[in-house]
2 protein chains.
Amino acid sequence: MAVSTVHTVQSLSSTCSISNPTKSHLGFNQKQLVFFKKTTTTTRRATTVITCSAGDTVVIGLAADSGCGKSTFMRRLTSVFGGAAEPPKGGNPDSNTLISDTTTVICLDDYHSLDRTGRKEKGVTALDPRANNFDLMYEQVKAIKSGVAVEKPIYNHVTGLIDPPELIKPPKIFVIEGLHPMYDARVRELLDFSIYLDISNEVKFAWKIQRDMAERGHSLESIKASIEARKPDFDAYIDPQKQYADAVIEVLPTELIPDDNEGKVLRVRLIMKEGVKYFNPVYLFDEGSTISWIPCGRKLTCSYPGIKFSYGPETYFGHEVSVLEMDGQFDRLDELIYIESHLSSISTKFYGEVTQQMLKHADFPGSNNGTGLFQTIVGLKIRDLYEQIVASKSGAPLEATKT
Amino acid sequence: MAVSTVHTVQSLSSTCSISNPTKSHLGFNQKQLVFFKKTTTTTRRATTVITCSAGDTVVIGLAADSGCGKSTFMRRLTSVFGGAAEPPKGGNPDSNTLISDTTTVICLDDYHSLDRTGRKEKGVTALDPRANNFDLMYEQVKAIKSGVAVEKPIYNHVTGLIDPPELIKPPKIFVIEGLHPMYDARVRELLDFSIYLDISNEVKFAWKIQRDMAERGHSLESIKASIEARKPDFDAYIDPQKQYADAVIEVLPTELIPDDNEGKVLRVRLIMKEGVKYFNPVYLFDEGSTISWIPCGRKLTCSYPGIKFSYGPETYFGHEVSVLEMDGQFDRLDELIYIESHLSSISTKFYGEVTQQMLKHADFPGSNNGTGLFQTIVGLKIRDLYEQIVASKSGAPLEATKT
């Protein structure tokens with residue numbers, strides 16, 4: 001089965017052109033790429049190269065375990081840029097890709113080199129690097145970053161098979177989300193910004209119980225067993241990536257309720273690396289000092305257990321970082337706007353933009369706590385980063401948004 | 001011995017007049033007063049009444065145990081108003097009074113009704129109300145507040161005797177400092193603002209050891225015994241006054257050094273009553289919320305054990321209060337100015353006024369910690385209060401200083 005398809009110019013960005021060079025798709029030396037050709041295809045055809053205006057694509061990596069809210073994060077991110085994110089029109093209905101005006105989000109599961117049966121046969125999990133094709137991941141991310149469209153495979157989560165590829169054109173912002181965006185050093189080097197969603201075991205467990213036990217009728221034992229089974233590979237291959245992240249969102253049980261293990265009230269920490277170009281960490285009141293803040297008081301009343309923020313410098317895997325923490329949850333709009341008005345360097349374009357974004361997606365998971373707040377803020381920081389990168393390339397450096 | 005003296009008009013404020021009414025000095029119903037006449041005098045003379053322009057004197061009460069830094073506080077307060085405070089010129093060299101351009105500070109020990117011998121004979125301490133003349137205290141404070149000069153007795157701390165009185169003219173700000181400014185309900189009612197200096201037993205003990213053992217050669221046992229002996233009367237008559245104070249300065253051992261009992265590093269709390277007219281409590285970052293702040297970090301470095309501020313609403317003897325706390329001490333000027341710049345509602349007239357005042361009196365005890373800082377701030381708040389009261393009386397309400 002041939003997996004390369006020739007697309008008409010109409011379906012591509014107006015800044016792209018099509019050619020049929022003699023070189024194979026592995027000839028990356030011309031800053032051009034390249035349709036993916038599944039190595040098992042029987043019919044080989046000349047590779048069609050689509051080149052787009054190069055160099056403006058900003059690449060973002062988002063790492064997390066499966067089922068940890070990556071898709072919610074992505075919907076918040078694309079919303080910040082204005083457009084709704086949708087699967088590619090007319091393509092594979094099981095595509096994992098989301099496309100908006102500015103942003104394309106691909107799922108790195110699409111680079112599984114082994115399908116479900118293959119993993120079972122070889123006895124490796126999807127977390128294992130041996131089940132993933134990092135060479136192809138690298139080549140294609142590099143191509144997109146260089147302004148060249150690619151034909152990316154699709155891993156079908158429904159069937160567990162590797163489906164024919166889909167065309168991915170270089171967007172303004174290219175997000176690679178999945179288990180291993182920072183695992184391969186070559187891919188890591190291509191990232192303009194990287195995020196790690198770090199869900200603590202307690203919270204992961206509470207969430208799984210809620211979903212798998214309450215909604216799917218699984219037993220507590222089977223949930224425990226499934227978490228335990230994943231843990232060695234997770235610890236070996238996924239978790240270590242957080243040391244490379246520019247921002248980590250840690251989700252932990254609340255400390256406001258003694259011995260809470262429901263996992264409903266969360267303590268969320270936004271760990272922001274210092275010294276990252278085009279990224280100024282968010283702060284509370286006094287940059288670089290150590291602060292704790294309970295906004296609930298005379299001006300703002302909150303229901304039990306209230307809300308507590310903390311902020312301060314820390315060290316994270318040997319890097320200097322700033323950490324903003326929120327424990328507790330919002331009950332009402334006035335609490336959210338009050339908190340937004342006291343945060344600095346959140347890169348909003350107008351007063352109340354964080355609150356507006358949160359309200360717009362009030363039905364998303366985490367909209368009343370630190371996960372939604374920090375995902376939204378990271379979205380704004382990425383928009384700011386993107387605009388600064390574009391401005392610096394155009395020779396007219398943009399002042400970082402300072403709010 | 002006659003203790004009343006006729007003063008020439010020259011020695012009085014130009015707004016005062018002298019008369020010799022037929023009424024005795026106890027006739028207070030004419031908003032006039034009144035020379036004190038010691039009841040043991042043998043020669044009785046017609047009382048001379050000096051009336052000054054009435055009503056502008058603001059009366060401040062400052063309560064604390066003896067040897068708790070009241071005099072330092074007073075020197076800081078008068079300094080805020082611009083002039084140096086000195087004993088009355090040409091008077092009793094053992095006078096306890098301090099006079100500056102704007103402010104007169106009297107010591108309430110001057111209202112001891114029993115001298116040292118008398119107390120010994122009756123077996124009462126100076127803390128005991130029975131050793132003090134609250135009727136006279138009330139009458140004279142009321143007179144001063146009404147614009148009438150008084151002849152106040154002098155308790156001679158050197159001899160332990162009650163000396164002939166000295167003339168006290170109504171100043172702009174009249175401070176009564178001592179053991180019992182808020183003990184008598186009538187006197188309390190006359191106070192426009194009241195302050196209680198609350199030194200914890202641990203710190204009191206550490207200070208006494210430092211002074212009495214190191215400097216005066218007393219034994220540890222004798223110091224302990226002297227503190228223990230005072231304690232019952234202190235707890236019964238002095239300590240309960242703090243419930244009436246508009247501001248309390250609490251001095252406690254540091255919490256930054258585990259098990260510290262040296263009493264050198266202090267944790268100082270400024271407890272400010274809410275709802276006091278002309279007095280807006282100081283706050284940190286966000287009024288009415290609960291905050292802790294360690295300013296030492298990326299922008300400001302501090303030596304061990306650092307500095308920690310806390311701020312928040314609390315309840316104190318059933319009153320709503322705001323509490324600002326400082327633990328630790330300043331090493332350098334930049335630390336002080338950094339902290340000043342982050343405090344709000346400190347009633348300065350220009351940026352850095354707190355720092356300027358602290359530097360001016362860098363040799364005073366407590367200039368590197370919360371006692372000096374909060375005494376200075378309370379001084380500024382009293383200046384602000386005074387200016388607001390004067391403005392409200394003149395019919396041109398003054399906007400409270402907002403810095």
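As the structure is a prediction and not an experimental result, all values here were calculated from the model. Reminder, nothing fancy here: chain letters follow the sequence lines and each chain counts from 1.
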Over 12 foreign heavy atoms within 6.0 Å of NZ, Lys277(A): no
Neighbour count >12 (heavy atoms, 6.0 Å) for atom CG, Asp259(A): no
Interface residues of residues 293-303 of chain A facing chain B - heavy atom cut-off under 4.5 Å: Trp293(A), Ile294(A), Pro295(A), Gly297(A), Arg298(A), Lys299(A)
Would you mind writing out the side-chain donor-acceptor pairs for residues 306-315 of chain B within the sub-3.5 Å range, not counting sequence neighbours?
unit_1	atom_1	unit_2	atom_2	d
Tyr311(B)	OH	Gly288(B)	N	2.8
Glu314(B)	OE1	Arg269(B)	NH2	3.1

Top of Ser292(A), Ser289(A), Ser322(A) for chain B proximity - count of heavy-atom pairs under 4.5 angstrom: Ser292(A)
Contact check, side chains of Leu284(B) and Phe285(A), non-hydrogen atoms, under 4.5 Å: no
For chain B, which residues of residues 351-358 of chain A have heavy atoms nearer than 4.5 angstrom: none
Contact class of Glu274(A) relative to chain B, heavy atoms under 4.5 angstrom: side chain
Interface residues of residues 242-258 of chain A facing chain B - heavy atom cut-off under 4.5 Å: none
